[in-house]
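Before any comments, here is the structure.
No experiment lies behind these values; they were computed from the predicted model shown. Atoms considered below: every heavy atom in the structure, side chains included; atoms not considered: hydrogens, waters and symmetry mates.
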Amino acid sequence: VALLAPYNEEGFIQGCLEPMLAQGVSVYVIDNASTDGTRAIAQGYVGRGVIDVETLPRHGCYTWRPILERKERLAAELEGDWFLHLDADEIRLPPEPGTRLADALARVDAEGFNAVNFMEFTFVPTRETPDHDHPRFAQTMRWYYPYLPSFPNRLNAWKRQDAPVELAWSGGHRVRFPGLKMYPVSFPMKHYLFLSADHARRKYIERTYDAAEMSAGWHRARAGLRPEGIRLQSEQEMRHCGADGRLDPTEPLKKHPLFAQIGHGS
């Protein structure tokens, strides 16, 4: 079961749900009081792989900890063999082409492991092709860089536990529970950071962040972004994902170029 908490992601939600459902993963949606068509789109998948769609109040700003704490509770309440913390701008994949994520996790389980890390491949628009703000972004936005600020960075798929599972402590990046045994091979994850310069402005600059979380060190890079800081990279600086879908994890970046001038990686 993937635990997904979108807010005003009508451009992303279908492109996130359909690949996950095709991977044999059910999705539980926690809509963070969206004001666009996000909830209606997700509701259309209920009974077709989406378990349910609930609403979590927003209270005027982006507050991340209550969302993660709700996911912690759902991981104890829902029926599921494995759980996955998922964002709407991500597509999680199995390590080998031609298999499903659900089947890959079953093999991890059979080998005696109970948590999986994901290697992030960040897809962004380029100076040559700057606008992918449409439902087919995953087909048109093919330029990426591997991103690994520290290891493990996305240890957020885990086998159902009898004891409480902690996710909020790390901002959702790393799950924590007694007896955690991480699988030695990281699975791939496509992260579509933003789709155009205008989308980056809407996604990061126009968002109001929770003051307490900002004081704790969360959201600083995103909150510190300014319109003049949205600079697109050239395709010559990046790697291309071709028809075979191969992704190169070598020499990963430690900071997202979009946020590098702010001094924080994410």
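- Put simply, the side chain of Val27 reaches to within 4.5 Å of the side chain of Leu21, judged on heavy atoms.
- Using a 4.5 Å heavy-atom threshold, the side chains of Phe12 and His199 count as touching.
- In this structure, Phe121 and Cys241 have side chains that are not in contact, with every pair of non-hydrogen atoms separated by 4.5 Å or more.
- At a cut-off of 3.5 Å, with distance as the only test, a side-chain donor of Asp248 or Thr250 sits close to an acceptor on the other residue.
- A ring-centre distance under 6.0 Å is not found for His173 and Trp218.
- Between Leu180 and Leu155, the closest heavy-atom pair is CD2-CD2, 4.1 Å.
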Just do the side-chain hydrogen bond (donor to acceptor under 3.5 Å, both in side chains) check on Arg92 and Asn156 with the steps written out, would you?
-> CA-CA 11 Å; Arg92 306 297 184 103; Asn156 49 25; 3.0 Å; yes
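- Within a 6.0 Å radius of NZ in Lys190, more than 12 heavy atoms belonging to other residues, nucleotides or ligands are found.
- Using a 4.5 Å heavy-atom cutoff, the side chains of Trp64 and Tyr209 are not in contact.
- Using a 4.5 Å cut-off on side-chain heavy atoms (C-beta onward), Trp143 and Gln233 make no contact.
- A donor-acceptor pair under 3.5 Å is absent between the side-chain atoms of Asn117 and the main chain of Ser186, judged by distance alone.
- Asp31 contributes atom CG, which lies 9.0 Å from atom CG of Leu56 (distance to the nearest 0.5 angstrom).
- In summary, the side chains of Arg70 and Asn32 do not present any donor paired with an acceptor at a separation below 3.5 Å, with no hydrogens or angles considered.
- In this structure, Ile30 and Leu74 have side chains that are in contact, with non-hydrogen atoms separated by less than 4.5 Å.
- For Tyr147 and His191, the ring centers sit 6.0 Å or farther from each other.
- Looking at Asp103 and Arg107, no side-chain N of the basic residue comes within less than 4.0 Å of a carboxylate O on the acidic one, giving no salt bridge.
- The main-chain N or O of Ala168 is found under 3.5 Å from a side-chain atom of Glu72 such that the two form a donor-acceptor pair.
- With sequence neighbours excluded, the residues that form a side-chain hydrogen bond (donor to acceptor under 3.5 Å, both in side chains) with Thr129 are Thr126, Glu235.
- A 4.5 Å side-chain heavy-atom check between Thr38 and Val29 finds every atom pair outside the cut-off.
- Between Gln23 and the choices Thr99, Leu101, Ile91, the side chain to side chain contact (heavy atoms under 4.5 Å, CB included) rule is met once, by Leu101.
- Aromatic pair Tyr204/Phe259: centroids less than 6.0 angstrom apart.
- A donor-acceptor pair under 3.5 Å is formed between the side chain of Arg127 and the backbone N or O of Leu232.
- Defined by atom type and a distance below 3.5 Å, a donor-acceptor pair is missing between the side-chain atoms of Ser170 and Arg176.
- Both tests hold for Arg58 against Tyr7: distance to the six-membered ring centre under 6.0 Å, angle to the ring axis within 45°.
- Side-chain contact between Phe118 and Pro152: absent, with no pair of heavy atoms (C-beta onward) separated by less than 4.5 Å.
- In this structure, Lys181 is positioned above the aromatic face of Phe113, its NZ or CZ under 6.0 Å from the six-membered ring centre and within 45° of the axis.
- Applying the side-chain contact (heavy atoms from CB on, under 4.5 Å) criterion to Arg246, with sequence neighbours excluded, gives Asp244.
- Salt bridge absent: Arg65 and Asp210 never bring a charged side-chain N and a carboxylate O closer than 4.0 Å.
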